[in-house]
Amino acid sequence: MSASAAKRPPRTRFYMTLLLMVLFLVGSIYQTGATLTQLASGTPEIFKFIGEMFPPDWAFFGDIWKPMAQTLQMSILGTVIGALFAYPMALLAARNVTSSSWLFYPARLFMNLIRTIPDLLYAALFAVLVGFGPTAGTLALIFFTFGILSKLAYESTEAIDPGPLEAMTAVGASKLKLIRFGVLPQVAPTYLAHFLYTFEVSIRASAILGLVGAGGIGLLLKNTLDLFRYDQSCAIVIYTLLVVVIIDLVSTRFRTYLLKGSKKPMSESRARTYRIIGILAVVALIVWALTGLELTGFQPTTWQLTKAMFTGLFHPDWGYIYNADGEDLLRTLLETLSISYLGNFVSAIVCLPFAFWAAANMSRFRAVSGTGKFFLSVIRTIPEIIMALIFIKAVGPNAYAGVMALGLHSVGMLGKLYAEAIENMDMGPTEAMTAVGANFWQRMSFAVIPQVIPDFISYTLYRFEINVRSATLLGIIGAGGIGTPLIFALNARQWPRVGIILIGIIITVSIIDYISGTLRKRIV
């Protein structure tokens, strides 16, 4: 038999992949107990809970601005300090900058290790070590920023034009000169764009860090939830939405300018003036954050707690991996993966119409796509924890609530990415089909869908990586997964139990990241 005959045709691979996806879907439904009947029967409770949130307590707005300012200050410091560590590490991890495998492999391993631990878990750990307040939140955001930025930065660094680097190497340029004149001029705009994007994400992340005592608006949100003042919780969500939308608009404008340049020609003197204004604005924000944030520093018991924590983490409770008679690590991790997979599947289907609604090139009227973008922004601004609380009212404190919370929240995130993919596609085929009289569905089937499908699949895989991290902590409020035993172990200072759970999370997330990254490289 020839090699070509022995090779499986692409169609067989496609059907095998589809079969595996269906099997995972069925297994996830079984594992989480997700049924439409259960959701339908609990829908009245959802409307009852939403009814308790509306109308919002508008008078409460006066009490929100100080915690929101603290949230912004935490995000500014966390993003800036995290970036100062992330960019050098990214250069160390890039193959085209660091030729020694003894350097870039450990750098990548360290980056991946930091990135696998969810931000809320960092906040919970630091809240134990340094006490409740903005210090814990800022430290958590530093690690969170480092994890995101270092990965984005090293991938961008490896994608630069190798020509200048080869030319400088040929004339004997030192490593520092190679970075200064060959690398940084190419990646600086992308680095800044990634920095702004990470700042947006940090704002959303810091809004819920207070749920574990890490300061900011999240702490106020936790207090209102504990007191069943859902009208005040709604006011906090609306306030946060307004702030995030404004930051999104400003950040998106700057990122577009950095990556694509100005649409109108600009003189060098005017561009220099804008750069100076931008630098002064950044410096002013950093000074505001440093002077306005009350960082409490380390507590007298921090050293003892840190020593006890590391002793426990390095002596994990191996007996918790499998327990035939009760809860164990393998079962809870399997439930976490099921929550992530099913939630991701739901969001990938539901967000499709909203993505086309939000895409500017799919409508003649800017107001139409603008309302679509605003809707997606509203969805992704509502924390997954709040969504989980809503669905817990309907289906009870279980994994199904986690599925629906992740699924709905991911509609906002995936819808935004899908819409950007649609806006960036080549409109030539669509215009050509329109010229020959093709109808809407024909244009969609033969000109639009074939172009955007690879990006859609890539973004869905990327979102699955993020959802695995998010699902690890939904159990904090009873939405299933590994988060429930984790928060119990943290509160009880059971560090060996925390250690084995962290090992499980790191291994699981690393495997998912590797598989997803490999598949995305083949697709895109």
Side-chain angles (χ1 to χ4, degrees), residues 32-68 71 120 203-245 339 343 346-347 350 374-412 470-471 473-481 483-484 487:
T32 58
T35 63
L36 291 176
T37 303
Q38 187 179 4
L39 180 61
S41 62
T43 299
E45 292 297 324
I46 292 180
F47 286 111
K48 181 180 177 182
F49 180 78
I50 295 175
E52 295 175 359
M53 297 178 69
F54 288 92
D57 184 359
W58 301 112
F60 194 60
F61 264 39
D63 298 322
I64 298 176
W65 74 270
K66 284 187 178 180
M68 177 55 72
T71 293
L120 202 60
I203 294 290
R204 293 188 175 91
S206 62
I208 62 170
L209 295 183
L211 293 174
V212 291
I217 196 70
L219 186 58
L220 184 63
L221 177 61
K222 180 180 183 298
N223 293 337
T224 60
L225 292 172
D226 290 343
L227 296 172
F228 304 105
R229 288 300 306 270
Y230 300 129
D231 56 336
Q232 293 181 349
S233 302
C234 184
I236 292 173
V237 171
I238 293 173
Y239 198 106
T240 305
L241 170 64
L242 294 174
V243 172
V244 169
V245 166
I339 293 171
V346 170
S347 63
V350 173
F374 179 76
F375 175 81
L376 292 175
S377 183
V378 170
I379 293 297
R380 66 177 181 269
T381 300
I382 302 174
E384 294 137 310
I385 299 292
I386 296 294
M387 293 184 178
L389 287 172
I390 293 174
F391 286 108
I392 283 174
K393 293 288 183 179
V395 299
N398 52 40
Y400 192 5
V403 169
M404 297 308 299
L406 275 185
L408 185 57
H409 182 77
S410 296
V411 165
S470 299
L473 293 173
L474 285 178
I476 288 176
I477 48 104
T484 301
I487 198 64

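A quick note: this is a predicted structure, and the numbers were derived from the prediction, not measured.
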J.: Taking the side chain as everything from C-beta on, heavy atoms only, tell me whether Phe60 gets closer than 4.5 Å to Asp231.
T.: no

J.: Asp63: what forms a salt bridge (Lys or Arg N to Asp or Glu O under 4.0 Å) with it, not counting sequence neighbours?
T.: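 Residues passing salt bridge (Lys or Arg N to Asp or Glu O under 4.0 Å) with Asp63: none at all.
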
J.: Would you give the length of the straight line joining atom CE of Met68 to atom CG of Leu220, rounded to the nearest 0.5 angstrom?
T.: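 The CE atom of Met68 sits 9.5 Å away from the CG atom of Leu220.
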
J.: Where is the tightest heavy-atom contact between Pro56 and Cys234, given as atom of each residue plus distance?
T.: CG-SG, 3.7 Å

J.: Please give me the minimum heavy-atom distance between Gly402 and Ile339, naming the atom from each residue.
T.: C-CG2, 3.6 Å

J.: Can you see which heavy atom on Thr224 is nearest to which on Ser233, and at what distance?
T.: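 Result for this residue pair: OG1-OG, 2.8 Å.
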
J.: Tell me the closest heavy-atom pair linking Met387 and His409, and the distance in Å.
T.: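 Where Met387 meets His409 most closely, the heavy atoms are SD-N, 3.4 Å.
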
J.: When you measure from the side chain of Ser410 to the backbone of Ser347, do you find a donor-acceptor pair of N or O atoms at a distance under 3.5 Å?
T.: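 Here the side-chain-to-backbone pair does not exist.
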
J.: Can you name the closest pair of heavy atoms from Ile379 and Gly412 and give their distance?
T.: CG2-N, 3.6 Å

J.: Of all the heavy-atom pairs spanning Ile217 and Thr71, show the shortest one and how long it is.
T.: N-OG1, 2.7 Å

J.: Go through the steps for Ile238 and Phe61 under the test side-chain contact (heavy atoms from CB on, under 4.5 Å), then give the verdict.
T.: CA-CA 10 Å; Ile238 293 173; Phe61 264 39; 4.1 Å; yes

J.: Could you tell me which residues satisfy side-chain hydrogen bond (donor to acceptor under 3.5 Å, both in side chains) with Asn223, sequence neighbours excluded, listed by chain and number?
T.: none

